[in-house]
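Provided herewith is a single structure, encoded as structure tokens, for subsequent inquiry.
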Amino acid sequence: MPYHCIVYRSRSNELLNENDLSTILLQSRYHNSKKGITGVLLCLHGQIIQVLEGDKYELDLLYNRIQQDERHASMTTLINQSVDQRLFSTWSMGYKTLTASQLEEFTVIVNLKNKKATIFSQQAVLDLIQSFFDTNQNP
Ligand code: FAD
């Protein structure tokens with residue numbers, strides 16, 4: 001069954017502290033599991049990378065909500081496409097902290113120009129996110 005996948009990068013308006021993040025995660029896991037949405041959230045010092053996977057209709061609704069969330073200062077959609085399988089099928093919303101060097105590595109792969117993302121390779125972006133998630137410790 002084909003799924004849809006959205007990956008975006010954003011900067012939060014204010015540094016999200018541990019309390020803010022646990023509230024977001026709690027709420028996300030509750031709503032995402034009801035809608036069959038999976039994914040992960042990777043953060044470092046207000047920089048956010050999120051992967052959302054699931055039914056296209058449900059993802060569009062959720063992504064609309066997330067885009068309107070005033071906690072985001074700027075947002076760039078990196079991937080918005082159908083995929084054959086989910087990468088994070090067991091996570092209603094996984095969460096890991098990024099390292100500074102991972103964020104830099106990610107920025108090299110995703111070349112941000114005038115807020116419009118030029119993706120060198122969408123698969124490379126997904127592979128990198130998966131490797132960060134698999135390698136990093138839970139915060
Ligand atoms: P509220 O004012 O909180 O609630 C209004 C009504 O909508 C309530 O009845 C509530 O139960 C209902 N509602 C709230 N959320 C949903 C939903 N997703 N689907 C259906 N009904 C809902 N939210 C997620 O759900 N999943 C995520 O993966 C996710 N990731 C986020 C990542 C980041 C970095 C940030 C900052 C926020 C994220 N959020 C996520 C939160 C999201 O942006 C909204 O804050 C959230 O959906 C609540 O929206 P609201 O303020 O309009 O609803």
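Below, all heavy atoms of this structure are taken into account, side chains as well, without hydrogens, waters or symmetry copies. Since we're looking at a predicted model, the values are computed, not measured. Just so you know, ligand 1 is whichever comes first in the structure, and atom 1 is the first atom listed for that ligand.
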- ligand 1 atoms nearer than 4.0 angstrom to some heavy atom of L52 are 28 (O)
- Item | Contact with ligand 1 for Y8, non-hydrogen, under 4.0 angstrom | yes
- With side chains defined as the heavy atoms from C-beta onward, is the minimum distance between T97 and L44 less than 4.5 Å? yes
- Task: Determine the interplanar angle of the F133 and F88 rings, folded into 0 to 90°, and report it as parallel if under 30°, tilted if 30 to 60°, perpendicular if over 60°.
- Result: perpendicular
- Query: With only distance considered, is Q50 within less than 3.5 Å of ligand 1 through an N or O on each side?
  - Reply: yes
- Message: Restricting to side chain to side chain donor-acceptor pair (under 3.5 Å), what partner residues turn up for Q47, sequence neighbours left out?
- Response: R9
- Query: For atom 45 (O) of ligand 1, what's the nearest protein heavy atom and its distance?
  - Reply: D69 OD2, 3.0 Å
- Task: Look at the side chain of D55 and the backbone N and O of G36, then say whether any donor-acceptor pair between them is shorter than 3.5 Å.
- Result: no
- Query: Among E70, R65, R71, H31, which residue places a heavy atom closest to atom 6 (C) of ligand 1?
  - Reply: R65
- Return yes when at least one protein heavy atom is under 4.0 Å from atom 19 (N) of ligand 1, and no when none is. yes
- Non-hydrogen atoms of H72 versus ligand 1: any pair closer than 4.0 Å? yes
- shortest atom 26 (N) of ligand 1-to-protein heavy-atom contact is with N32 OD1, 2.9 Å
- Message: Please list, in number order, the atoms of ligand 1 under 4.0 Å from a heavy atom of M93.
- Response: 28 (O)
- Query: Among protein heavy atoms, which sits nearest to atom 29 (C) of ligand 1, and what does the distance come to when rounded to 0.1 Å?
  - Reply: S28 OG, 3.0 Å
- Taking the inter-plane angle between the rings of Y63 and Y8 on a 0 to 90° scale, is it parallel (under 30°), tilted (30 to 60°) or perpendicular (over 60°)? tilted
- State, yes or no, whether a side-chain contact exists between N64 and Q67 at a heavy-atom distance under 4.5 Å. yes
- CD/E14: more than 12 non-hydrogen atoms of other groups inside 6.0 Å: no
- Mind jotting down which residue pairs meet the side chain to side chain donor-acceptor pair (under 3.5 Å) criterion with at least one end in residues 29-43? Sequence neighbours excluded, please. Y30-K34, T38-E53, T38-R86
- Task: Could you name the option among I48, T23, I24 that has the heavy atom nearest to atom 36 (C) of ligand 1?
- Result: I24
- Closest heavy-atom pair, L21 versus Y95, reported as atoms and distance to 0.1 Å, is CD1-OH, 3.1 Å
- Query: Is atom 8 (C) of ligand 1 less than 4.0 angstrom from some protein heavy atom?
  - Reply: no
- Task: May I ask whether I37 has any heavy atom positioned less than 4.0 angstrom from an atom of ligand 1?
- Result: no
- Just heavy atoms, cut-off under 4.0 Å: does L16 contact ligand 1 by side chain, backbone, both, or neither? neither
- Task: If you have a sec, work out which protein heavy atom is nearest atom 24 (C) of ligand 1 and how many Å separate them, to one decimal?
- Result: L62 CD1, 3.4 Å
- Query: Would atom 1 (P) of ligand 1 count as contacted, meaning some protein heavy atom under 4.0 Å?
  - Reply: no
- Query: Nearest to atom 3 (O) of ligand 1, what protein heavy atom do you find, and at what distance?
  - Reply: Q27 NE2, 3.5 Å
- Under-4.0 Å protein heavy-atom contact, atom 38 (C) of ligand 1: yes
- Message: Please check this pair: side chain of D60 against backbone of Y57, looking for a donor-acceptor N/O pair closer than 3.5 Å.
- Response: no
- Might you point out which heavy atoms bring R71 and I24 nearest each other, and give the distance in Å? NH1-CG1, 3.4 Å
